[in-house]
Peer 1: 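Structure below; questions to follow.
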Amino acid sequence: MTTIPRPSRRNLLLAGTVGALTLAATAALPAVDAMAATGCAVTWTTNSWQGGFTANITIKNLGDAVNGWTLGFGFPDAGQRVGQGWSATWQQSGNTVTARNVDWNGSLPSGGTTSIGFNGTWTTANPAPTSFTLNGVACTGGTTPSTPPTTGTPPTTPPPTTPPPTTPPPPTGTTPVAINGQLHVCGTKLCNRYDRPIQLRGMSTHGLQWFGSCYNDASLDALATDWQADLLRISMYVQEQGYETNPTGFTNQVNTLVDKTEARGMYALIDFHTLTPGDPTYNLERAKTFFAAVSARNASKTNVIYEITNEPNGVSWSTIKNYAEQVIPVIRANDPDAVIIVGTRGWSSLGVSEGGNSDEIVNNPVNAANIMYTFHFYAASHRDNYRAELERAAGRLPVFVTEFGTVSYTGDGAVDSASSTAWLDLLDRLKISYANWTYSDAAEGSAAFRPGTCAGGTYAGTSVLTASGSFMRNRIRTPDTFPTS
Ligand code: IDC
């Protein structure tokens with residue numbers, strides 16, 4: 001049978017607990033076919049954080065060999081949900097969960113084990129299930145005594161076996177999405193399917209309404225293979241001749257880019273690019289309509305991350321939080337396990353550009369699981385005090401730099417190499433993911449390509465790049481170090 005590589009004990013950066021529960025022989029065995037010996041033991045290991053968890057399950061077949069199996073269990077709490085799973089086909093109905101074998105782990109010899117798992121979410125509590133079945137037979141964890149122990153005789157318990165932690169199978173491809181799979185927030189970090197922190201490095205489009213011609217097969221091939229980027233941020237402006245003028249057209253354009261990004265193994269960050277007006281509430285109904293559509297359409301993809309508002313400004317944190325708590329459930333209804341990123345006060349400066357700081361978020365976080373908070377900077381305008389606040393915030397909140405420039409906040413001017421280097425060194429050290437503004441040929445210093453590039457059709461190499469483009473390509477194409485165990 002196929003065995004799953006088992007790493008040594010993993011480093012879990014989570015605030016939650018890691019516990020192993022071996023089910024004790026408490027339940028009576030149901031009547032079964034006397035000819036076929038049945039029995040199973042299940043070990044459930046989780047790490048859990050506010051609102052989310054990863055469950056690793058080891059199944060041991062204590063009966064005769066089986067060819068094809070279904071594991072069943074019930075969640076004790078109504079708010080527990082299975083999200084992205086691995087090594088089995090997962091289904092949940094009410095609180096009842098079933099996991100059916102996949103091709104390579106269907107045959108389980110007598111005494112054989114297999115490991116499966118999933119990322120899940122919870123609302124009020126996250127207790128472990130107390131009973132499992134394998135092909136309908138209760139997994140009582142070992143031999144059930146034929147005569148119940150008599151009073152006064154302590155039952156003999158087998159020595160506890162501590163199974164090694166389990167992981168999903170090794171990646172079958174080399175792209176960022178093939179390696180990392182469905183992402184989730186773990187503590188203050190972004191983690192991959194091995195539950196290990198990663199950093200994604202990539203580029204942001206310019207406004208699709210102006211620079212749509214820059215995003216095609218050739219330019220995205222260059223981003224994936226020449227730049228070796230991990231993600232594309234898809235910036236869909238809402239105003240300025242954007243989404244509000246043609247909701248269906250822009251929704252389709254975003255979906256097409258999600259597909260092209262997926263085809264190249266990159267993550268897609270869907271940016272609802274609000275900017276002016278700065279109050280996200282102004283676009284609340286549009287946001288609900290847009291995110292209902294894109295989350296339904298892309299729910300089964302593992303490469304999609306949602307950014308629900310670009311740069312709130314001139315509004316309080318509580319207004320932003322209120323907006324987030326109305327938009328997030330719309331996405332969750334379709335795509336329960338995707339990471340969602342929430343803009344912050346003062347043009348997503350964690351409040352700094354409007355005289356605040358990240359305390360307002362720490363003290364009053366968005367009431368949702370698996371979310372991150374946005375931080376933006378422009379290297380020629382924002383320096384040490386912004387870096388200090390980002391570093392302070394990063395120890396307390398999951399932060400994603402969904403946009404930054406190497407130039408001034410106007411999007412134009414010269415590259416500030418020293419400040420840009422200081423920023424990117426900091427982001428690398430803190431494993432904070434980023435997207436650079438912009439992968440376009442706009443006639444402004446922040447654009448990576450020289451004006452006219454998108455009309456020409458060549459995107460790879462350095463001859464088409466601006467100073468900012470060369471700087472960013474050099475940073476982004478250094479090898480990723482994604483952990484796979
Ligand atoms: C800028 C573009 C510029 C465009 C302007 C108005 O670079 O071509 O005319 O928007 O839409 C942001 C925003 C981003 C800005 C960028 C640079 O998220 O939309 O793009 N910036 O000014 N925040 C800080 C800087």
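Order of listing sets the numbers, starting from 1, for every ligand and every atom in it.
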Peer 1: Can you list every pair where an N/O of ligand 1 is under 3.5 Å from an N/O on the protein?
Peer 2:
| unit_1 | atom_1 | unit_2 | atom_2 | d |
| --- | --- | --- | --- | --- |
| ligand 1 | 7 (O) | Trp437 | NE1 | 3.0 |
| ligand 1 | 7 (O) | Glu444 | OE1 | 3.3 |
| ligand 1 | 7 (O) | Glu444 | OE2 | 2.7 |
| ligand 1 | 8 (O) | His206 | NE2 | 3.1 |
| ligand 1 | 8 (O) | Glu444 | OE1 | 2.9 |
| ligand 1 | 8 (O) | Glu444 | OE2 | 3.2 |
| ligand 1 | 10 (O) | Tyr237 | OH | 3.1 |
| ligand 1 | 11 (O) | Tyr237 | OH | 3.0 |
| ligand 1 | 11 (O) | Glu240 | OE1 | 2.9 |
| ligand 1 | 11 (O) | Glu240 | OE2 | 3.0 |
| ligand 1 | 18 (O) | His273 | NE2 | 3.4 |
| ligand 1 | 18 (O) | Asn310 | ND2 | 3.0 |
| ligand 1 | 18 (O) | Glu311 | OE2 | 3.4 |
| ligand 1 | 18 (O) | Glu403 | OE1 | 2.9 |
| ligand 1 | 18 (O) | Glu403 | OE2 | 2.9 |
| ligand 1 | 19 (O) | Tyr237 | OH | 2.7 |
| ligand 1 | 19 (O) | His273 | NE2 | 2.8 |
| ligand 1 | 20 (O) | Trp437 | NE1 | 3.3 |
| ligand 1 | 21 (N) | Tyr378 | OH | 3.3 |
| ligand 1 | 21 (N) | Glu403 | OE2 | 3.3 |
| ligand 1 | 22 (O) | Tyr409 | O | 2.8 |
| ligand 1 | 22 (O) | Thr410 | O | 3.1 |
| ligand 1 | 23 (N) | Glu311 | OE1 | 2.7 |
| ligand 1 | 23 (N) | Glu311 | OE2 | 2.6 |
| ligand 1 | 23 (N) | Glu403 | OE2 | 3.4 |

Peer 1: State whether a side-chain donor-acceptor pair under 3.5 Å links Thr45 with Asn56.
Peer 2: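 Result is no, nothing qualifies.
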
Peer 1: Is the ring pair Phe211/His206 parallel, tilted or perpendicular, if the boundaries are 30 and 60 degrees?
Peer 2: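 Correct class here is tilted.
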
Peer 1: Any chance the side chains of Asn334 and Ser295 put a donor and an acceptor closer than 3.5 Å?
Peer 2: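 A pair is found: one side chain offers a donor N or O, the other an acceptor, under 3.5 Å apart.
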
Peer 1: We want to know whether Thr96 and Ser93 form a side-chain donor-acceptor pair, criterion being a heavy-atom distance below 3.5 angstrom.
Peer 2: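 Absent: no donor and acceptor within the cut-off.
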
Peer 1: State which residue, out of Thr481, Asp230, Asp428, fulfils the side-chain hydrogen bond (donor to acceptor under 3.5 Å, both in side chains) condition with Gln199.
Peer 2: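 When Thr481, Asp230, Asp428 are each tested with Gln199, the side-chain hydrogen bond (donor to acceptor under 3.5 Å, both in side chains) holds only for Asp428.
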
Peer 1: Between the side chains of Gln228 and Asp480, does any donor sit under 3.5 Å from an acceptor?
Peer 2: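 Checked: Gln228/Asp480 side chains show no N/O donor-acceptor pair below 3.5 Å.
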
